[in-house]
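Please read through the structure below; I'll follow up with questions.
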2 protein chains.
Amino acid sequence: MTLPIGELARKTGVKVPTIRFYEQIGLVTAPPRTEGNQRRYGQEDVERLSFIRHARELGFEVDDIRELLAMSAEPQASCHSADSIARNHLKEIERRIASLTALKGELTRMIEECGHGRICDCRIIEALADHSQCSGEHKH
Amino acid sequence: MTLPIGELARKTGVKVPTIRFYEQIGLVTAPPRTEGNQRRYGQEDVERLSFIRHARELGFEVDDIRELLAMSAEPQASCHSADSIARNHLKEIERRIASLTALKGELTRMIEECGHGRICDCRIIEALADHSQCSGEHKH
DNA sequence: TCTTGAGCCTCTAGTGGCTAGAGGTTGTAG
DNA sequence: CTACAACCTCTAGCCACTAGAGGCTCAAGA
């Protein structure tokens, strides 16, 4: 069961140029080629690439994914880092949800007041500028 | 109360070169300068920039932020002619909250199922591989 | 008043994670 | 055996920064 790159793309939802790009940066290994120099992939590649796509959709960075892939290759090792990568991610996502909810409230209020013909004293900026003072660490 | 760029950076959590970059692309207006050509900012700039940082963290693109800023500057206009802009943003925000909530659920499940033991029992990696077959349409 | 050095200035180039396009080659269906 | 979709490599572009070189400013201390 060997697939050309286009088939792999179709099966995984990762675009052809992106697959080549992933090969270039070493996220996927270079597959064997035909006589005519075309890539041919196997089932493993479908799985690996699906994994990558899914992780990317969840917002993991390429370096995180590299780590996760390395871990999955060594099943004896402890899963502590996988766990902490995921936990960090979760925290970030929770923070985002909270902020978006605040912004949503503010926009909703504005739209409603506009509908009632009131003066729109807009507080969009305050709604989001609020957290400004909780400065501190901002990685990546 | 006039601040040099470094102070503004400290107060807002936006890095100095990023502030200059924002000025360059017209996201913030060029502030007055000292005799010696150094930027001096006021309190408004702190708020505006905090807002920008926050909005960026929420994943809004620079062009979206430009619109949001314009809305907040002219609330009258948004009442009468541009409240569709607000509505569009609201829709976008709701979509985002929904998808982040889904991610959160998925990550939470992954983390819970990870027994904190060995990779071979850890479900994080499997969870990421799972959706592999649900190919199909993937927007943007 | 003068000096020192942290902080400011501009400019160019590099980063991540793709995406687009030019220009040429291969593989397979008819 | 031919047509043509799909493949190949290579370069350049995108967004939103980030880093570094090389030089100038400003305020606090001697």
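Only a predicted model underlies this, so the values are computations on that prediction, with no experimental measurement involved. Sequence lines set the chain letters: A, B, ... in the order given, protein chains first and strands last, and positions in each chain run from 1.
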Of the nucleotides dC26(D), dG17(C), dG27(C), which one has an atom closest to the side chain of Arg56(A)?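 So the nucleotide nearest the side chain must be dG17(C).
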Under a 4.0 Å N-O cut-off, is there an ion pair linking Glu61(B) with Arg66(B)?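 Arg66(B) and Glu61(B): not salt-bridged.
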Ionic contact status for Glu94(A) with Lys91(A), cut-off 4.0 Å: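 Looking at Glu94(A) together with Lys91(A), the answer is no, because their closest N to O distance does not fall below 4.0 Å.
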Send over the distance from Lys15(A) NZ to dC14(D) C1', rounded to a whole Å.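 Going from NZ in Lys15(A) over to C1' in dC14(D) covers 13 Å.
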Counting just side-chain N and O atoms, does Tyr22(A) come under 4.0 Å of either OP1 or OP2 of dC18(C)?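 Looking at the OP1 and OP2 atoms of dC18(C), one of them is under 4.0 Å from a side-chain N or O of Tyr22(A).
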How many angstroms lie between atom CG of Leu3(A) and atom OH of Tyr41(A), to the nearest 0.5 angstrom?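 Interatomic distance, Leu3(A) CG to Tyr41(A) OH, rounded to 0.5 Å: 10.0 Å.
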Between atom CD in Gln24(B) and atom P in dC17(D), what is the gap in whole Å?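 Distance check: Gln24(B) CD to dC17(D) P gives 12 Å.
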For nucleotides 6-10 of chain C, print each protein N/O atom paired with a nucleotide N/O atom at under 3.5 Å, atom names and distance only.
residue: dC8(C); atom: OP1; partner: Gly6(B); partner atom: N; Å: 2.8
residue: dC9(C); atom: OP1; partner: Arg39(B); partner atom: N; Å: 2.8
residue: dC9(C); atom: OP1; partner: Arg39(B); partner atom: NH1; Å: 2.8
residue: dC9(C); atom: OP2; partner: Arg20(B); partner atom: NH1; Å: 2.3
residue: dC9(C); atom: OP2; partner: Arg39(B); partner atom: NH1; Å: 3.3
residue: dC9(C); atom: O5'; partner: Arg39(B); partner atom: NH1; Å: 3.4
residue: dC9(C); atom: O3'; partner: Arg33(B); partner atom: NH1; Å: 3.4
residue: dT10(C); atom: OP1; partner: Arg33(B); partner atom: NH1; Å: 3.3
residue: dT10(C); atom: OP1; partner: Arg33(B); partner atom: NH2; Å: 3.2
residue: dT10(C); atom: OP2; partner: Arg39(B); partner atom: NH1; Å: 3.1
residue: dT10(C); atom: OP2; partner: Arg39(B); partner atom: NH2; Å: 3.0

Using a strict 4.0 Å threshold on nitrogen-to-oxygen distance, state whether Arg40(A) and Glu35(A) make a salt bridge.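 No, this pair does not count.
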Could you tell me how far apart Glu61(A) (CD) and dG17(C) (C1') are, to the nearest whole angstrom?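 That distance rounds to 10 Å.
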Atom pair OG (Ser50(B)) and CG (Asp45(B)), whose distance is rounded to the nearest 0.5 Å: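 Reported value, rounded in 0.5 Å steps: 10.0 Å.
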Starting from P on dC18(C), measure out to CG on Leu27(A) and report it in whole angstrom.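 Interatomic distance, CG of Leu27(A) to P of dC18(C): 9 Å.
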Just so I know, are the side chains of Pro31(A) and Arg39(A) near enough to count as touching, which here means a heavy-atom distance under 4.5 Å?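 Counting from C-beta outward, Pro31(A) and Arg39(A) do come under 4.5 Å.
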Measure CD/Glu35(B) against P/dC24(D) and give the value in whole Å, please.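 It is 17 Å, rounded to the nearest whole Å.
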Value in whole Å for how far the P atom of dT9(D) lies from CD1 of Ile19(A):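 Checked: the CD1 to P distance equals 13 Å.
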For dG17(C), does either OP1 or OP2 sit under 4.0 Å from a side-chain N or O belonging to Thr18(A)?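 No, outside the criterion.
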Measure the CD1-CZ distance between Ile25(A) and Arg20(A) for me, rounded to the nearest 0.5 Å.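 Output value for this atom pair is 15.0 Å.
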Of the nucleotides dG27(C), dC18(C), dT18(D), which one has an atom closest to the side chain of Thr34(A)?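 For the Thr34(A) side chain, the nearest candidate turns out to be dG27(C).
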To the nearest Å, give me how far apart CD1 (Ile52(A)) and P (dG16(C)) are.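 Roughly 17 Å, once rounded to whole Å.
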Report the distance from atom CZ of Phe60(A) to atom C1' of dG16(C), rounded to the nearest whole Å.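 Going from Phe60(A) (CZ) to dG16(C) (C1'), I get 18 Å.
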